[in-house]
Amino acid sequence: MVPSELLPPAFFERDAREVAPLLIGVRLVVREGGQVRAGRIVETEAYCGPTDLACHARAGITKRTRTLYGPPGHAYVFLIYGMYDCFNVVVLGEGQGHAVLVRAIEPIAGVDPGASGAGPGRLTRALGITRADDGAPLTGGGRITLHPADRPARLARTARVGVAYAGVWADRRWRWLDKESAHVSRPPARSIGRVTARPRSAPSRP
DNA sequence: GACCGGATTATG
DNA sequence: ATAATCCGGTCA
């Protein structure tokens, strides 16, 4: 079962905060030789240009961010912590530095069933996406494509993961996930019946 | 030209 | 809690 309908270029020509929730449920397909690996997107995060201090665009246009600042509907893939690749979809417009990080999928086809973890680094490994795909088109003509959701999803919304260094930007709730998916990297914080907030630092000692 | 630290994950 | 493991961005 290979989906045929593609997300059109216009889909990506919007703010990352608008596109990120719309990508939940979208099917991500990677063709490699005769193989097809595919998954249903269940977790995304919006990164919103140079003013968003959690976004790589804060450094301006550099060797690394060239594709992030490139045309929408293309991939931005970068290396993190020296060992994992993260897959993003460039959105909004060329020169804007907006992108949506795809953090987790539900396996559809061709994904190693033994891979039980979740998260952006695991996702790229499972689908075979690498930095060689940086800048690749996602609207057709390349080996990676995106296809409309085939069913609606219940969305949850939280703050982004792993960006505590970004000050107030870390608190923006720009992460979306499928509330009913067991494949998210980290379940949404529950606030009922449990205290989830923890002090940022130990109490001062006299 | 050196140094720092990260949009993470597996393991203790 | 912490190691693993590159390399881009920054500052000199």
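Keep in mind that this is a model prediction, so the values were computed, not measured. Each chain gets a letter, A, B and so on, in the order the sequences are listed, and its residues count up from 1.
Here A:Tyr47 lies parallel enough and close enough to stack on the base of B:dA7, with planes under 30° and ring centres under 5.5 Å apart.
Side-chain contact between A:Thr44 and A:Arg103: absent, with no pair of heavy atoms (C-beta onward) separated by less than 4.5 Å. Between A:Cys55 and A:Leu68 there is a side-chain heavy-atom pair separated by less than 4.5 Å. Side-chain contact between A:Leu138 and A:Val89 is present, with heavy atoms from C-beta onward closer than 4.5 Å.
Contacts with DNA chain B (heavy atom under 4.0 Å) in residues 124-133 of chain A: none are found. For the contact set between residues 75-96 of chain A and DNA chain C, defined by any heavy atom under 4.0 Å, the members are A:Leu79, A:Tyr81, A:Gly82, A:Met83.
Remark: C:dA3 base-pairs with B:dT9; criterion is Watson-Crick or G-U wobble with both hydrogen-bond distances under 3.5 Å.
Neither side chain, A:Arg173 nor A:Thr158, offers a donor N or O lying under 3.5 Å from an acceptor on the other. At a cut-off of 3.5 Å, with distance as the only test, no side-chain donor of A:Thr51 or A:Arg58 sits close to an acceptor on the other residue.
A distance-only check finds a donor-acceptor pair linking the side chain of A:Arg160 to the backbone of A:Ala46 [under 3.5 Å].
Each of A:Arg175, A:Arg186, A:His183 was scored for a side chain to side chain donor-acceptor pair (under 3.5 Å) with A:Glu43, with one residue passing: A:Arg175. Residue A:Asp85 is tested with A:Asp134, A:Leu123, A:Thr124 for a side-chain contact (heavy atoms from CB on, under 4.5 Å); the sole match is A:Thr124.
In this structure, the ring of A:Tyr47 has its center no less than 6.0 angstrom from the ring center of A:His98.
Geometric assessment of A:Arg66 against the ring of A:Tyr69 yields a negative cation-pi assignment under the 6.0 Å and 45° thresholds. Cation-pi geometry between A:Arg64 and A:Phe78 is satisfied (NZ or CZ under 6.0 Å from the ring centre, within 45° of the ring normal).
Residue A:Arg103 places at least one side-chain N or O closer than 4.0 Å to OP1 or OP2 of B:dT8.
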Taking only nitrogen or oxygen atoms into account, show me every contact under 3.5 Å that the protein makes with nucleotides 9-12 of chain C, one pair per line with its distance.
residue	atom	partner	partner atom	Å
C:dG9	OP1	A:Thr62	OG1	2.4
C:dG9	OP2	A:Thr62	OG1	3.1

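C:dT2 and B:dG5 are spaced 15 Å apart, taking the C1' atom of each and rounding to whole Å.
C:dG8 atom P lies 15 Å from atom CG of A:Leu68, rounded to whole Å. For the pair A:His98 NE2 and B:dA7 P, the computed distance is 17 Å after rounding to whole Å.
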